[in-house]
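The chains referred to below are lettered A, B, ... by the order of the sequence lines, with proteins before strands, and numbering in each begins at 1.
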There are 2 protein chains.
Amino acid sequence: MKLINRDVDYAARALVFMARANKPTVSVAEMSGKVGVAGPFLRKIMQKLAKAGVVHAVKGKGGGFAMARRPEAVTLRRLIDVLQGPLKLNDCVFRQRICQNHAGCVLRHKIAGMEQRLLAEVEAVTVRDLA
Amino acid sequence: MKLINRDVDYAARALVFMARANKPTVSVAEMSGKVGVAGPFLRKIMQKLAKAGVVHAVKGKGGGFAMARRPEAVTLRRLIDVLQGPLKLNDCVFRQRICQNHAGCVLRHKIAGMEQRLLAEVEAVTVRDLA
DNA sequence: CGGAATGATACCAAACGGGTATCATTAAAT
DNA sequence: ATTTAATGATACCCGTTTGGTATCATTCCG
Ligand code: FES
Ligand code: FES
């Protein structure tokens, strides 16, 4: 039950790299070596980040990616949301059997609480913290 | 990223059923209907619980399973450990690239903290709480 | 002995995750 | 205008995990 998958991992590394590099844009080719991940794969990740507005893409020669927000404004939660879907501990696992009505299910309620607290924690971690 | 998988779910339901039933042993046949899961599947789960000492198995006619401990002594954490492996959020996802030395990796450290707090929470939930 | 229960194991199908390859599009440099 | 360096968009592959079923062996009560 990994909290974050490889996409989030690599994205974090790339963003840290970008935050450190003092350049308007950074190309995937530049990053892939230092980040330790194959180029095409990293590109796919960066594309998702671009679509989500976390980074800004510049096409053409001399182009690349640039952070769209300041490092301290990019939370781990956002990366998780974008790259592996919203954090849901709860898939409503008991169904109408023991607890009858959804709201009354004790376990579900407890897990929901855990989810809330975990969300608050991933929200508190930013790229700035990692750089 | 489910916190618990179906095995844990079904196990919890079965254990609640057993805790409520005032009988020395309960057979899978009795439970499978009420719990809402196919017999053979539930048996496989109960076997794992028996191996782990959570329940006690009685073979032969009139046999079945009985709780080996009181409901309040069976934690959600134990069920997770037995049925889906230890709860590890952390798979050490950054490797010697950005953080260089393992101990210094900020993200890893933060996730480890989250894991600790989450473990404490699942430890606090018992079958008694669900019954 | 015969039936009712668990023990152990093997198997299967679908979903998921991590990763690669390919072609199209854009824009700067020459 | 051509070339070249970059991203955009897809399609595909494959190994692992997961949820679930089937089968046979073993034990114990009556
Ligand atoms: S009914 Fe969905 S968890 Fe109780
Ligand atoms: S080295 Fe393993 S997470 Fe930093």
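When rounded to the nearest whole Å, the span between OH of B/Tyr10 and P of D/dG19 equals 9 Å. We find that CG of B/Leu49 is positioned 16 Å from C1' of C/dA8, with the value rounded to whole Å. In this entry the distance linking CD of B/Gln84 with C1' of D/dG19 reads 13 Å, nearest Å. Summarising the geometry, the separation between CG on B/Asp9 and P on D/dG20 is reported as 10 Å, rounded to the nearest angstrom. Whole-Å rounding puts the A/Leu42 CG to C/dG18 C1' distance at 14 Å. Protein atom NE2 of B/His56 is 10 Å distant from nucleotide atom P of D/dC28, rounded to whole Å. Going from atom CD of B/Gln47 over to atom C1' of D/dT21 covers 14 Å, rounded to whole Å. Atom-to-atom, NZ of B/Lys61 to P of C/dT6 comes out at 14 Å; the value is rounded to the nearest Å.
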Show each protein N/O and nucleotides 12-18 of chain D N/O combination with a separation under 3.5 Å, one pair to a line.
none

Can you check nucleotides 23-26 of chain D for protein contacts, nitrogen or oxygen pairs under 3.5 Å, and list what you find?
none

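Across A/Val26 and A/Ala21, no two heavy atoms sit closer than the pair CG2-CB, 4.3 Å.
Between B/Gly62 and B/Ala50, the one whose closest nucleotide on DNA chain C sits nearer the 5' end is B/Gly62. Toward the 5' end of DNA chain C, the nearer of the two residues B/Glu30 and A/Phe41, judged by each one's closest nucleotide, is B/Glu30.
In this structure, B/Ala29 reaches neither bases nor backbone, as no heavy-atom distance under 4.0 Å exists between it and the strands shown.
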